[in-house]
Visitor: 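Below is one structure. I have some questions about it.
Hydrogens, waters and symmetry mates are skipped; everything else that's a heavy atom, side chains included, is used. Everything numeric here is computed off the predicted structure, so don't read it as measured data.
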Amino acid sequence: MRKLTFLAAAAATLLAACSQQGPGESAPAAAGTAGGAAAGGKPVVGLALSTQNNPFFVELKDGAQKAADAAGVQLVVVDAQDDPARQISSVEDLIQKRVSVILLNPTDSSALAGAVQSAQRANIPVVTLDRGVDGAEVASHIASDNIAGGKMAADFLAKQLGGKGNIIELQGVAGTSAARERGKGFDDEIATTGMKVVAQQPANFDRAQGLSVSENLLQANSDAQAIFAQNDEMALGAVQALAGKNKKVLVVGFDGTPDGKKAVQDGQMAATVAQQPEEIGRLGVETAKKLIDKQPVDKSIAVPLKLLTKE
């Protein structure tokens, strides 16, 4: 009877452990020890992505995974599907699993501050990738200079349009540092030229929304000569909106995703401000490994940008 009771208790414990898998996990995470090590002895690093429904973040994840394999680190990926509440839950789950470091690409720069503070209370360092967090201290922030990238896009359009023209701006997810900084860099530089942003509207970094928002804004602003989209997915939506129209409108994106680069080479987009998402992912894991090994890390790590055109 005692043996049966023990087996039943063990089964119940196993079921309870299995039920703790975090929302959006792409692979089951082994519950870490106090030191954040998996059952096999590897340190565990959590990667909390805003979404995997965007090629940019898929590339970032791939770069992180390659670096994790090379460094002997177990990478646990959780996908928030662009839902801040879901991401907060995922981060809390990673904290409960006692991962060694959390790499965070926040869905909302303000909403995730509390989750970062929870990780800090548990002595788990957080490294932000591509987007920062407002109101919480992180061990390191790895990203491109989004303000400089926005300025780069504005300078390109000023050159192409001779410093005159009307521009439509497709904005990213409100509340993200990327949308805020890219918009600031672009808008501030446009203000120094003879060009004018005649319409701005969020399309939430999404291609389908980029299509519908562009259609509406183009109809209301038939004199627009250019569209600046704060990422390539929205820019590709704008390209679809312009399909079949006789009017020439320059489209400039941001990120340098494979589809964005192809659209530039095919002449559908005039340019894209290219980031290096794989490099961001790689540097994220390498920074996490330094933190695990108690080595110093830089508070801010910049990843270079490049303006890609057909020429």
Visitor: Minimum heavy-atom separation for P125 to L291, with atom names?
Guide: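 So the minimum-distance heavy-atom pair works out to CB-CD1, 3.9 Å.
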Visitor: Distance check, rounded to the nearest 0.5 Å: S89 atom OG versus L94 atom CG?
Guide: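 Output value for this atom pair is 9.5 Å.
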Visitor: Taking salt bridge (Lys or Arg N to Asp or Glu O under 4.0 Å) as the cut-off, I'd like each qualifying pair that reaches into residues 231-246, sequence neighbours left out, listed once.
Guide: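 Every pair satisfying salt bridge (Lys or Arg N to Asp or Glu O under 4.0 Å) with a residue in residues 231-246: R207-E233.
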Visitor: Show, in sequence, the C-alpha distance, side-chain angles and deciding distance for N166 and N221, and conclude whether the side-chain contact (heavy atoms from CB on, under 4.5 Å) test is met.
Guide: CA-CA 9 Å; N166 295 325; N221 300 275; over 6 Å; no
Visitor: Does the pair I147 and D188 meet the rule for a side-chain contact (heavy atoms from CB on, under 4.5 Å), with working shown?
Guide: CA-CA 9 Å; I147 293 177; D188 287 354; over 6 Å; no
Visitor: Ignoring hydrogens and geometry, is there a side-chain-to-backbone donor-acceptor pair from D293 to Q295 under 3.5 Å?
Guide: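 Flag not set: sc D293 to bb Q295 has no pair under 3.5 Å.
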Visitor: According to a hydrophobic-cluster definition based on side-chain heavy atoms being under 4.5 Å apart (Ile, Leu, Val, Met, Phe, Trp, Tyr only), do M269 and I168 belong together?
Guide: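 Shared cluster, yes.
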Visitor: Answer yes or no: is there a donor N or O on one side and an acceptor on the other, between the side chain of R98 and the main chain of A122, under 3.5 Å?
Guide: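 Answer holds: yes.
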Visitor: Just to verify, which of R131, E181, R180 counts as forming a side-chain contact (heavy atoms from CB on, under 4.5 Å) with N146?
Guide: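 Filter result, single survivor: E181.
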Visitor: With clusters defined by side-chain heavy atoms of hydrophobic residues (ILVMFWY) lying less than 4.5 Å apart, directly or transitively, does L211 cluster with L218?
Guide: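 No, it is not one cluster - the side chains of L218 and L211 are not joined through contacts under 4.5 Å.
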Visitor: Quick one: do V133 and I95 end up in the same hydrophobic cluster if we chain Ile, Leu, Val, Met, Phe, Trp and Tyr together by side-chain heavy atoms under 4.5 Å apart?
Guide: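 V133 clusters together with I95.
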Visitor: Donor-acceptor pair, S140 side chain versus D298 backbone, under 3.5 Å?
Guide: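 Confirmed, S140 side chain pairs with D298 backbone.
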Visitor: Which distance, rounded to the nearest 0.5 Å, do you find between the CD of Q160 and the CD of Q225?
Guide: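 So the gap between those two atoms works out to 13.0 Å.
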Visitor: Looking at A224 and K247, what are the two nearest heavy atoms and their distance?
Guide: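 Scanning both residues, the minimum pair turns out to be O-CE, 3.0 Å.
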Visitor: Which residues end up grouped with L305 if you chain together Ile, Leu, Val, Met, Phe, Trp and Tyr wherever their side-chain heavy atoms are less than 4.5 Å apart?
Guide: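 Noted: L305 shares its cluster with M152, F156, L157, L161, I167, F186, I190, M195, V197, F228, L250, V252, F254, V273, L307.
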Visitor: Walk me through it: do T257 and N231 pass the test side-chain contact (heavy atoms from CB on, under 4.5 Å)?
Guide: CA-CA 9 Å; T257 63; N231 83 336; over 6 Å; no
Visitor: Considering the options D130, I142, L129, which one meets the side-chain contact (heavy atoms from CB on, under 4.5 Å) requirement together with V303?
Guide: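 The passing option is I142.
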Visitor: Please say whether more than 12 non-hydrogen atoms of neighbouring residues, nucleotides or ligands are located less than 6.0 Å from NZ in K299.
Guide: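 Atom NZ in K299 is packed in, count exceeds 12.
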Visitor: Ignoring hydrogens and angles, state whether a donor on the side chain of Q200 or D187 is under 3.5 Å from an acceptor on the partner side chain.
Guide: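 Side-chain D/A pair, Q200 to D187: present.
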Visitor: Under 3.5 Å, side chain of S109 to main-chain N/O of G132, donor-acceptor pair present?
Guide: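 Checked: pair present.
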Visitor: Do any N or O atoms from the side chain of Q230 and from the backbone of G172 form a donor-acceptor pair under 3.5 angstrom?
Guide: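 Checking the backbone N and O of G172 against the side chain of Q230, a donor-acceptor pair under 3.5 Å is found.
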Visitor: Treating R86 as the side-chain partner and D79 as the backbone partner, does any N or O pair qualify as donor plus acceptor under 3.5 Å?
Guide: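 Confirmed, R86 side chain pairs with D79 backbone.
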Visitor: Under the criterion salt bridge (Lys or Arg N to Asp or Glu O under 4.0 Å), I'd like the reasoning laid out for D155 against K151: C-alpha separation, chi angles, the key distance, then a yes or no.
Guide: CA-CA 6 Å; D155 288 340; K151 180 180 182 299; 3.0 Å; yes
Visitor: Is there a path of hydrophobic side-chain contacts, each under 4.5 Å between heavy atoms, that joins V249 and V264?
Guide: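 Yes, because V249 and V264 connect within a single hydrophobic cluster, where side-chain heavy atoms sit under 4.5 Å apart.
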Visitor: Say you draw a straight line from CG of D255 to CG of L308; how long is it, rounded to the nearest 0.5 Å?
Guide: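 The distance works out to 11.5 Å.
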Visitor: Shortest non-hydrogen contact from G256 to T272?
Guide: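 Taking every non-hydrogen atom into account, N-OG1, 3.4 Å.
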Visitor: Look at the side chain of Q87 and the backbone N and O of T107, then say whether any donor-acceptor pair between them is shorter than 3.5 Å.
Guide: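 The answer is yes, because a donor-acceptor pair under 3.5 Å joins these two groups.
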Visitor: So how far is it from N105 CG to K61 NZ, rounded to the nearest 0.5 Å?
Guide: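 Rounded to the nearest 0.5 Å, the CG-NZ separation comes to 13.0 Å.
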Visitor: Which heavy atom of H141 sits nearest a heavy atom of T128, and at what distance?
Guide: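 Answer, listing the atom of H141 first, then T128: ND1-OG1, 2.8 Å.
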Visitor: Which residues pass the salt bridge (charged side-chain N to carboxylate O under 4.0 Å, His left out) test with E59, not counting sequence neighbours?
Guide: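 Partners of E59 by the salt bridge (charged side-chain N to carboxylate O under 4.0 Å, His left out) criterion come out as none, since no residue qualifies.
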Visitor: Determine whether the side chains of R121 and S118 contain a donor N or O and an acceptor N or O closer than 3.5 Å.
Guide: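 Their side chains do contain a donor-acceptor pair, which is all the 3.5 Å distance test asks for.
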Visitor: Starting from L75, can I reach F56 by hopping between I/L/V/M/F/W/Y residues whose side chains sit under 4.5 Å apart?
Guide: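 Shared cluster, yes.
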Visitor: Please determine if K289 and E286 form a salt bridge, counting it only when a charged side-chain N lies under 4.0 Å from a carboxylate O.
Guide: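 Here K289 does not pair with E286 in a salt bridge, since their nearest N and O are not under 4.0 Å apart.
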Visitor: Return yes if some donor-acceptor pair links the side-chain N/O of D206 with the main-chain N/O of A208 below 3.5 Å, else return no.
Guide: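 Side chain of D206 to backbone of A208: a pair is present.
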Visitor: Could D62 and K66 be called an ion pair, given the rule that one side-chain N must be under 4.0 Å from one carboxylate O?
Guide: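 Not counted as a salt bridge, because no side-chain N and carboxylate O are separated by less than 4.0 Å.
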Visitor: Roughly how far, to the nearest 0.5 Å, is the CG atom of D82 from the CG atom of N53?
Guide: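 It is 8.0 Å, given to the nearest 0.5 Å.
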Visitor: With rounding to the nearest 0.5 Å, note down the distance linking OG in S214 to CD in Q219.
Guide: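 Answer for the OG-CD pair, S214 versus Q219, is 12.5 Å.
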Visitor: D93 and K97: which non-hydrogen atoms are nearest, and at how many Å?
Guide: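 In this case the closest contact between D93 and K97 is OD2-NZ, 2.6 Å.
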Visitor: Donor-acceptor check, side chain of Q117 to backbone of G135, threshold 3.5 angstrom: yes or no?
Guide: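 Between the backbone of G135 and the side chain of Q117 there is a qualifying donor-acceptor contact (under 3.5 Å).
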Visitor: Taking all non-hydrogen atoms of both residues, which atom of Q209 and which atom of A203 are closest, and how far apart?
Guide: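 What the structure gives for the nearest pair is CB-O, 3.3 Å.
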